[in-house]
Protein chains: 2
Amino acid sequence: MSRAEQKEKTRRAIINAAFQQLSADKSFASLSLREVAREAGIAPTSFYRHFSDMDELGLTLVDEAGLMLRQLMRQARQRIVHNRSVIQTSVETFMEFIMQHSNVFRLLLRERSGTSAAFRSAVAREIQHFCAELADYLRKENKCSAEMALIQAEAMVILVFHAGADALDASDEVRQRITTKTIQQLRWLAGGSKPPAA
Amino acid sequence: MSRAEQKEKTRRAIINAAFQQLSADKSFASLSLREVAREAGIAPTSFYRHFSDMDELGLTLVDEAGLMLRQLMRQARQRIVHNRSVIQTSVETFMEFIMQHSNVFRLLLRERSGTSAAFRSAVAREIQHFCAELADYLRKENKCSAEMALIQAEAMVILVFHAGADALDASDEVRQRITTKTIQQLRWLAGGSKPPAA
DNA sequence: ATTTTCAGCTTACAAATGTACGCCCAATGT
DNA sequence: ACATTGGGCGTACATTTGTAAGCTGAAAAT
């Protein structure tokens with residue numbers, strides 16, 4: 001194996017190790033360099049060959065999470081075409097998605113209001129992308145102003161993300177109820193802004 | 001000073017020390033027993049005379065935060081009577097409140113989706129109280145079902161809390177914009193549910 | 001073929017942490 | 001007046017942490 005390939009491989013091992021350790025009971029902040037190195041199967045000091053410190057690793061994780069968000073958005077859009085309710089389809093897709101990538105989602109959720117300013121703004125940036133895309137869709141669909149569309153999109157994203165957070169630790173049955181509830185909430189938001197004066 | 005009085009005094013010193021150390025860059029999880037003890041002006045081992053461990057202290061903090069939430073609710077209600085818009089008054093009161101008690105609010109915000117299950121459920125309980133009170137108000141005001149009122153209240157609380165989180169670290173000007181935005185979002189929610197079919 | 005590069009290792013150390021153990025002494029109980 | 005209680009302290013120890021220094025061996029460059 002070439003040297004570059006090998007290096008990339010261990011780099012991924014570190015990233016995967018970090019994601020793996022992120023669970024309901026373990027936040028990124030509570031993760032230690034040594035733990036990650038152990039899980040990745042390398043010596044603690046070898047970590048520095050790839051990242052200058054844990055923060056740099058963290059920002060990489062946030063970037064990866066951002067990629068996943070975009071993937072989610074695409075997936076939701078594809079399903080919308082040949083289905084009934086846009087909102088219902090989107091929320092259900094979202095729920096499926098976060099169950100599959102729960103640790104990625106947990107990272108975004110926690111660092112969104114976490115202790116590191118760098119992390120907070122990195123997460124905020126990713127979520128802004130997400131909101132902007134949704135706002136664009138809403139604007140075209142509802143013919144409202146770009147400003148209102150963005151405000152509406154932000155509210156929707158907050159509600160969906162929050163529902164996701166609750167759903168992560170819930171049973172299938174409770175998750176179904178959360179989904180229904182969220183759909184209702186989004187419908188209120190969507191309905192309220194459609195007619196500029198009605 | 002009586003012994004009981006003295007004990008209560010140090011207990012409060014510990015609690016205050018903990019709240020003091022909670023800032024934008026310091027979560028409860030990243031707080032160490034020794035740090036708290038140092039700030040409170042006692043020896044590390046004296047901590048155990050009041051709390052069996054940091055978790056017990058944490059739950060106490062959450063309880064205190066819950067008390068403050070109820071105080072906030074009362075304060076908002078008082079102002080509503082002799083003012084114009086209910087939503088505007090409430091959101092503005094909320095914003096003022098969290099600026100005054102930012103560390104208390106930060107605790108609730110972080111532990112809401114934190115790493116300790118005990119904390120999460122404790123915070124969830126406090127927020128549920130808050131939602132229930134609001135839902136009660138909405139039900140009477142809007143004559144909608146109790147179930148819908150609760151779902152609506154939950155959405156509102158999530159949005160307001162989230163706005164609060166953003167506002168904490170923002171400039172006065174940005175905070176004003178956040179306030180306006182939130183009011184708009186709540187109005188959509190409120191408007192959507194008032195007429196059961198319209 | 002020889003030199004250079006560099007990912008990964010081992011060893012080492014200082015700092016911080018949680019907490020067990022036991023002493024002290026002033027408020028309380030008898 | 002004497003005994004007990006209990007809050008606060010100092011000491012001590014095992015762990016865990018981040019990271020500095022230096023070695024090794026194989027891939028890459030010459």
Side-chain angles (χ1 to χ4, degrees), chain A residues 1-23 25-62 107 110-111 114-119, chain B residues 1-23 25-62 107 110-111 114-119:
Chain A
M1 198 183 318
S2 98
R3 192 131 73 154
E5 277 173 334
Q6 179 55 41
K7 175 158 187 180
E8 182 55 27
K9 209 168 168 184
T10 28
R11 188 185 145 94
R12 285 248 45 105
I14 293 174
I15 294 175
N16 291 340
F19 269 129
Q20 180 126 18
Q21 306 221 330
L22 291 177
S23 66
D25 313 320
K26 205 102 182 156
S27 74
F28 181 80
S30 75
L31 230 104
S32 81
L33 185 152
R34 287 177 106 107
E35 262 180 321
V36 173
R38 219 175 297 138
E39 174 90 23
I42 60 172
T45 49
S46 299
F47 178 94
Y48 296 108
R49 303 289 186 194
H50 303 270
F51 303 97
S52 72
D53 53 20
M54 284 294 284
D55 278 11
E56 201 174 302
L57 169 60
L59 291 179
T60 305
L61 296 190
V62 173
L107 176 80
R110 293 225 172 100
E111 300 310 326
T115 56
S116 156
F119 281 21
Chain B
M1 198 180 323
S2 97
R3 193 133 71 155
E5 277 173 334
Q6 179 54 40
K7 174 156 189 182
E8 183 55 27
K9 210 169 167 182
T10 13
R11 188 186 145 94
R12 284 249 44 105
I14 293 174
I15 293 174
N16 292 339
F19 269 129
Q20 180 126 18
Q21 306 221 333
L22 291 177
S23 66
D25 312 320
K26 205 103 182 155
S27 72
F28 182 80
S30 75
L31 233 110
S32 81
L33 184 151
R34 288 176 107 106
E35 263 179 320
V36 173
R38 219 176 296 138
E39 174 90 22
I42 60 172
T45 49
S46 299
F47 179 94
Y48 296 107
R49 303 289 187 195
H50 303 270
F51 302 97
S52 72
D53 52 21
M54 285 294 284
D55 278 10
E56 200 174 302
L57 169 60
L59 292 178
T60 305
L61 296 190
V62 173
L107 177 79
R110 292 224 171 101
E111 300 310 327
T115 56
S116 155
F119 281 22

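In what follows, every heavy atom counts, from backbone to side chain, and hydrogens, waters and symmetry copies are set aside. Nothing here was measured: the structure is a model prediction, and the numbers come from that model. Below, read A as the first sequence line, B as the second, and so on, with proteins coming before strands; counting in each chain starts at 1.
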Between B:R34 and B:F47, is any pair of side-chain heavy atoms under 4.5 Å apart? no

Is there a donor-acceptor pair closer than 3.5 Å between any side-chain N or O of A:N16 and the backbone N or O of A:F19? no

Kindly say if B:S46 contacts the phosphate of D:dC9, meaning a side-chain N or O under 4.0 Å from OP1 or OP2. yes

Nearest whole angstrom, please: distance from the C1' of C:dT19 to the CZ of B:F47. 12 Å

May I have the distance from B:H50 (atom NE2) to D:dG8 (atom C1'), rounded to whole angstrom? 8 Å

Taking CE from A:M1 and P from D:dA28, how many angstroms apart are they, rounded to a whole number? 11 Å

What's the NZ-P distance between A:K7 and C:dC9, to the nearest Å? 14 Å

Nearest heavy atom decides the nucleotide; on that basis, is A:G41 or B:R38 closer to the 5' end of DNA chain C? A:G41

Using the 3.5 Å cut-off, write out each protein N or O paired with an N or O of nucleotides 20-23 of chain D and the distance between them.
none

Minimum heavy-atom distance B:A18-B:L57, with the two atoms named: CB-CD2, 4.0 Å

Do the side chains of B:I15 and B:F51 get nearer than 4.5 Å, heavy atoms only? yes

Would you kindly check whether a donor in the side chain of A:R34 faces an acceptor in the base of D:dT15, or vice versa, at under 3.5 angstrom? no

No-H, no-angle donor-acceptor pair, B:R3 side chain to D:dG7 base, under 3.5 Å: no

Specify the separation, in whole Å, of atom NZ of B:K9 and atom C1' of C:dA27. 16 Å

Is the shortest side-chain heavy-atom distance between B:T60 and B:R11 below 4.5 Å? yes

With DNA chain D as reference, determine whether B:T10 or A:M54 sits nearer its 5' end, using the nearest nucleotide of each. B:T10

For atom CD1 of B:I42 and atom P of C:dG18, their distance in whole Å: 13 Å

Is the backbone of A:G58 close enough, under 3.5 Å, to the side chain of A:D55 for a donor and an acceptor to pair up by distance? no

Less than 4.5 Å apart, side chain to side chain, heavy atoms only: is that true for B:H50 and B:K7? yes

For the side chain of A:Q6, counting heavy atoms from C-beta on, which of C:dT10, C:dG8, D:dA28 is nearest? C:dG8

Interatomic distance, B:E35 CD vs C:dA15 P [rounded to whole Å]: 17 Å

Send over the distance from B:D53 CG to C:dT17 P, rounded to a whole Å. 17 Å

